[in-house]
**Student:** 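This is the structure I have questions about; it appears just below.
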Amino acid sequence: MTARTSVLFFCSAVVKTADDHCGLWLPGNIFHIFFQNNTAYHDIHQLPGTKYNYYQPFFSIWDKLLRTHMPYTIVKRHEGGLEARLVKG
């Protein structure tokens with residue numbers, strides 16, 4: 001990997017990680033188009049007592065392979081805003 005490529009990759013990784021941890025689901029977010037894991041994916045990871053959705057920021061396929069992936073849905077809250085909720089099956 002060239003120095004220029006590595007700088008581009010690591011800068012993108014930092015921005016993606018900050019986006020995942022900010023707690024905001026912003027419309028038109030380019031990272032949500034290209035990656036399955038996003039702010040909601042990370043919110044499930046943060047629920048107390050759960051051990052799911054570890055692989056941030058890029059390699060969420062490992063969660064599926066190692067059975068640590070927890071599906072979720074995005075629902076509107078009565079107070080406003082959106083919330084990630086577990087899909088129980």
**Student:** So which heavy atom on Val87 is nearest to which on Met70, and how close?
**Tutor:**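 Closest pair (atom of Val87, atom of Met70, distance): O-SD, 4.1 Å.
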**Student:** For Arg77, is the CZ atom crowded, meaning more than 12 foreign heavy atoms sit under 6.0 Å from it?
**Tutor:** yes
**Student:** Count I, L, V, M, F, W, Y as connected when their side-chain heavy atoms are under 4.5 Å apart, and connections chain through other members. Are Val7 and Val15 then in the same cluster?
**Tutor:** no
**Student:** Could you grab the distance from atom OH of Tyr72 to atom CG of Leu86, nearest 0.5 Å is fine?
**Tutor:** 11.5 Å
**Student:** Is Leu66 reachable from Ile61 through a run of I, L, V, M, F, W or Y residues, each pair having side-chain heavy atoms under 4.5 Å apart?
**Tutor:** yes
